Amino acid sequence: KNIRSWIKMKKTSAFTLIETMIALVISIISVGAIYSSYLFFKDSYQTILDKAEVNDYGRIAIPMITKDLRNTGYQSVNYEGTLNNKIEHTDSSSTADSISIWYNSSGSSVKKIKYLVKKYNTSDDLYLAREIDGSAREIVPNVEDFQVILKDKQGRRLSPVCAVSSGCTQEGKDNQNEVHTAEVYITIRSPNKINKEKRKYIVTNANRTISKEDRYHRETFFISVYLRNINKI
């Protein structure tokens with residue numbers, strides 16, 4: 001009798017094939033939901049990181065460029081030489097300008113600072129470099145547009161604006177002393193593809209338009225700087 005009761009109890013406590021299949025399906029659905037949630041939050045977190053990185057580089061570059069532009073043409077009272085060059089602007093290609101700035105911060109030397117876009121050795125991506133007396137370092141990666149517009153007191157665009165040593169026209173040399181404001185545009189691309197589908201981006205900065213269709217995120221940073229040491233009002 002005891003043996004029969006034990007066998008009966010064992011039979012009633014077992015799982016049927018249907019119950020096992022249902023449990024398996026529920027487990028698969030649960031694991032899939034958890035994994036989908038993980039991927040969603042992982043992608044969202046990466047998107048936030050990439051957008052924050054773009055903003056960080058913008059916040060680093062804008063104050064740096066602003067400070068250098070405000071120093072343009074500054075001449076120390078102890079400097080006995082002549083500051084022939086003050087500012088030079090070059091529209092070097094369809095995607096990037098360059099700008100050179102001269103000022104004297106001591107009684108003996110003139111500092112030259114140049115902002116230009118360069119290509120990485122390992123890819124076709126571009127970065128914004130800050131060059132001091134010929135030595136350059138990267139300040140902003142993944143730059144897709146760097147544009148500078150120089151204007152006079154009346155808000156008219158000045159072109160050309162060039163250095164005495166560059167062999168430009170007399171008008172270009174004279175325009176150095178007419179620069180009142182500098183407008184700077186920097187378009188930065190996210191390091192990773194963060195959009196789920198391709199999007200069409202049309203970036204218009206001043207007189208240049210860039211059209212892209214991909215999964216990257218882009219932001220444009222803008223500043224307008226008064227060059228107080230050149231055109232004093």
Side-chain angles (χ1 to χ4, degrees), residues 57-119 126-140 143 145-187 205-208 220-233:
Y57 280 115
R59 286 196 295 266
I60 290 171
I62 292 300
M64 185 184 300
I65 297 172
T66 299
K67 181 180 178 181
D68 287 332
L69 284 170
R70 285 178 177 166
N71 284 331
T72 303
Y74 175 76
Q75 187 169 335
S76 171
V77 293
N78 297 319
Y79 183 60
E80 297 180 354
T82 302
L83 196 63
N84 294 320
N85 296 325
K86 297 177 181 179
I87 188 168
E88 179 177 48
H89 171 249
T90 304
D91 186 354
S92 59
S93 68
S94 60
T95 58
D97 293 3
S98 67
I99 186 168
S100 297
I101 297 164
W102 287 265
Y103 66 89
N104 169 259
S105 58
S106 66
S108 59
S109 62
V110 174
K111 180 177 288 187
K112 177 185 177 183
I113 297 176
K114 184 175 183 179
Y115 287 93
L116 71 161
V117 171
K118 291 189 170 186
K119 183 186 292 187
L126 305 173
Y127 66 92
L128 181 63
R130 183 174 185 258
E131 185 177 281
I132 301 178
D133 297 328
S135 178
R137 69 179 181 90
E138 175 187 328
I139 59 170
V140 181
V143 169
D145 187 37
F146 176 64
Q147 192 170 164
V148 181
I149 305 295
L150 302 178
K151 295 184 176 181
D152 62 13
K153 286 183 180 180
Q154 287 72 39
R156 296 172 299 196
R157 184 180 178 184
L158 292 170
S159 182
V161 178
C162 47
V164 173
S165 59
S166 66
C168 73
T169 63
Q170 186 62 44
E171 179 188 13
K173 299 171 186 176
D174 293 339
N175 279 342
Q176 290 190 73
N177 297 315
E178 299 298 321
V179 179
H180 180 267
T181 55
E183 297 179 351
V184 181
Y185 301 80
I186 309 173
T187 299
N205 298 334
N207 63 339
R208 186 155 60 229
T220 296
F221 299 85
F222 169 79
I223 51 170
S224 180
V225 184
Y226 164 51
L227 276 66
R228 58 193 178 190
N229 294 308
I230 295 180
N231 215 314
K232 300 176 182 179
I233 56 172

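Everything quoted here is computed from the prediction, not taken from an experiment. These numbers come from the heavy atoms of this one structure, side chains and all, not from hydrogens, waters or symmetry mates.
Using a distance-only test at 3.5 Å, with no hydrogens or angles considered, a donor-acceptor pair links the side chain of Asp133 to the main chain of Lys112. A donor-acceptor distance shorter than 3.5 angstrom exists from the side chain of Gln176 to the backbone of Cys162, with no hydrogens or angles considered. Although no hydrogens or angles enter the test, the distance criterion places a donor-acceptor pair under 3.5 Å between the side chain of Ser76 and the main chain of Asn78.
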- Under the side chain to side chain contact (heavy atoms under 4.5 Å, CB included) rule, what do Met64 and Tyr115 come out as? Steps first, then yes or no, please. CA-CA 11 Å; Met64 185 184 300; Tyr115 287 93; 3.4 Å; yes
- Test side chain to side chain contact (heavy atoms under 4.5 Å, CB included) on His180 and Tyr226 and set out the steps. CA-CA 6 Å; His180 180 267; Tyr226 164 51; 3.7 Å; yes
- Query: Between Ile60 and Val140, does a side chain to side chain contact (heavy atoms under 4.5 Å, CB included) hold up when you go through it step by step?
  - Reply: CA-CA 8 Å; Ile60 290 171; Val140 181; over 6 Å; no
- Message: Quick one, Ile99 with Ile65, criterion side chain to side chain contact (heavy atoms under 4.5 Å, CB included). Give me CA distance, side-chain angles, the key distance, then yes/no.
- Response: CA-CA 10 Å; Ile99 186 168; Ile65 297 172; over 6 Å; no
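Nearest heavy-atom pair across Tyr57 and Ile139 is CD2-O, 3.5 Å. Heavy atoms only, all atoms of each residue included: Ala163 and Glu88 are closest at N-OE2, 3.2 Å. The minimum heavy-atom distance linking Gly73 with Leu83 is given by the pair O-CD2, 3.6 Å. Arg208 approaches Ala96 most closely through the heavy-atom pair NH2-N, 3.8 Å. Closest of all the heavy-atom pairs between Asn84 and Val164 is O-CG2, 3.9 Å. Across every non-hydrogen atom of Val179 and Ile230, the tightest pair is O-CG2, 3.7 Å.
When each of Val161, Leu150, Leu158 is paired with Glu178, the side-chain contact (heavy atoms from CB on, under 4.5 Å) condition holds for Leu158 and for no other.
Atoms CD1 and CZ, on Ile186 and Phe222 in that order, are 11.5 Å from each other to the nearest 0.5 Å. The line from CZ of Phe146 to CG of Leu128 is 5.5 Å long, rounded to the nearest 0.5 Å. Taken from CZ in Arg70 to OH in Tyr103, the straight-line distance is 14.0 Å, to the nearest 0.5 Å. Atoms CG and CD1, on Asp91 and Ile149 in that order, are 8.0 Å from each other to the nearest 0.5 Å.
Residues forming a salt bridge (charged side-chain N to carboxylate O under 4.0 Å, His left out) with Glu183 (at least two apart in sequence, or on another chain): Lys151.
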